[in-house]
Amino acid sequence: NKNSLGLPIGTTLDRFIKKKQDEFEFATGELSQLLRDIALAGKIINREVNKSGLLDITGAYGSKNVQGEDQQKLDVIANIRFIRALRNGGQVCAVVSEEDEEIVHLNPHCRYIVAIDPLDGSSNIDVNVSIGTIFSIYRRTSPIGGPVTEKDILQPGTEQVAAGYILYGSSTMLVYTTGHGVNGFTLEPSLGEFVLSHTNMTCPEDGEIYSINEGSFHQFDKSIQDYTNWCKDQGMTARYIGSLVADYHRNMLKGGVYLYPNTKKAREGKLRLLYECNALAFIAEQAGGMATNGSKRILEIAPTTFHQRTPFYIGSKNMVEKVVEFVAEKAEA
Ligand code: P6P
């Protein structure tokens, strides 16, 4: 089936981007080039991920990232590769990354900001479970040529010009949106090309899958405990891979809801607003789904710090609305 651009399944990412550029006047093609740069880095990481068991690049790197988590070697390699690809691609003025406490300044004469989690779910690498890259793209608000400011970085999710993820799973997929729907590309390894495989992706309004770490049940607010029990009473299916991109992608395709609530241990939740939640929230909404922190649309949260966390409920619209119902009841109670 063809998507709204009349491009058949199997079209390469390059041709798709070129066609979109013609269709949506992507200005000077800078964003197109940036998307290509990200896809290139994704192919390189894919190669590393697929060999990680053989090249002794699994296991902890001996250093800790800003989150205080042991950095897996592949985390560090992915961060280096993505930042190098963005630097060489020549479209990006600054990057905020899960792996770097401070902003990485690239070319001050460029207009795009990238927020990225180079390799999310890296604790899954050693046990060969799917992992993912998550990215958001913004236009800077400060004048080109000048220094990149905190204000450039701390933009709400509504200001994203593009967002996407790469899922290194049973196949490697790039899924992204520029605000005109969501399309999925599967890597054809023998060609080294991402080819269009999922056009105009939509998230079913309802579903039977709920994804939450029930090991933390006793740390949840009562409203989330009640919601989790309600899911069981409905006979829903529990699926939790423990890798955000993989859990999100399955729920978007099949219908479902992913919850990472605030807990006694993670008072603000665990997931990061700038380079995890905003990108998936943009994609979810473009696919007809929904993403909230329990009381507010994720995309409308005004960021105050680079690495801030947020409670995160995302997926099928009607299911997320049900979570909000339970959370709101708590608020009224
Ligand atoms: P927990 C992986 O570390 C991650 O950031 C996400 O990919 C995943 O959904 C979540 O944390 C899992 O966290 O606390 O359930 O192990």
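Every number for a ligand or one of its atoms is a count from 1 in the order of the listing.
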Q. Is the closest N or O pair between Ser123 and ligand 1 shorter than 3.5 Å?
A. no
Q: Run down the list Ile241, Asn213, Val245 and name the one with the heavy atom closest to atom 1 (P) of ligand 1.
A: Asn213
Q: May I ask whether Val96 and Tyr165 are part of the same hydrophobic cluster, defined by side-chain heavy atoms of I, L, V, M, F, W, Y residues being less than 4.5 angstrom apart, directly or through others?
A: yes
(Q) Would you say that more than 12 heavy atoms from the other residues, nucleotides or ligands in this model lie under 6.0 Å from the CG of Asn229, or not? (A) yes
Q.
Tell me if the centroids of the rings in Phe185 and Phe194 come within less than 6.0 Å of each other.
A. no
Q | atom 13 (O) of ligand 1 [closest protein heavy-atom partner, distance rounded to 0.1 Å] | A | Lys270 NZ, 3.0 Å
Q | Protein heavy atom at shortest distance from atom 9 (O) of ligand 1 | A | Tyr258 OH, 2.7 Å
Q. Is the shortest distance from a Lys or Arg side-chain nitrogen in Arg239 or Asp247 to a carboxylate oxygen in the other one below 4.0 Å?
A. no
Q: Please check if atom NZ in Lys322 has more than 12 non-hydrogen atoms from other residues, nucleotides or ligands closer than 6.0 Å.
A: yes
Q: If you have a sec, work out which protein heavy atom is nearest atom 2 (C) of ligand 1 and how many Å separate them, to one decimal?
A: Gly121 CA, 3.6 Å
Q | Any Asp120 heavy atom less than 4.0 Å from ligand 1 | A | yes
Q.
Looking at Lys222 and Asp226, is there a salt bridge between them, counting it only when a charged N and a carboxylate O are closer than 4.0 Å?
A. yes
Q) Can you list the atoms of ligand 1 that are under 4.0 Å from a heavy atom of Tyr240? A) 1 (P), 12 (C), 13 (O), 15 (O)
(Q) Quick test: of every protein heavy atom, which one is nearest to atom 14 (O) of ligand 1, and how far off is it to 0.1 Å? (A) Tyr260 OH, 2.6 Å
Q | Same cluster (ILVMFWY, side-chain, under 4.5 Å), Tyr313 and Met319 | A | yes
Q) Just which atoms of ligand 1 are under 4.0 Å from any heavy atom in Leu244? A) 6 (C), 7 (O), 8 (C), 9 (O)
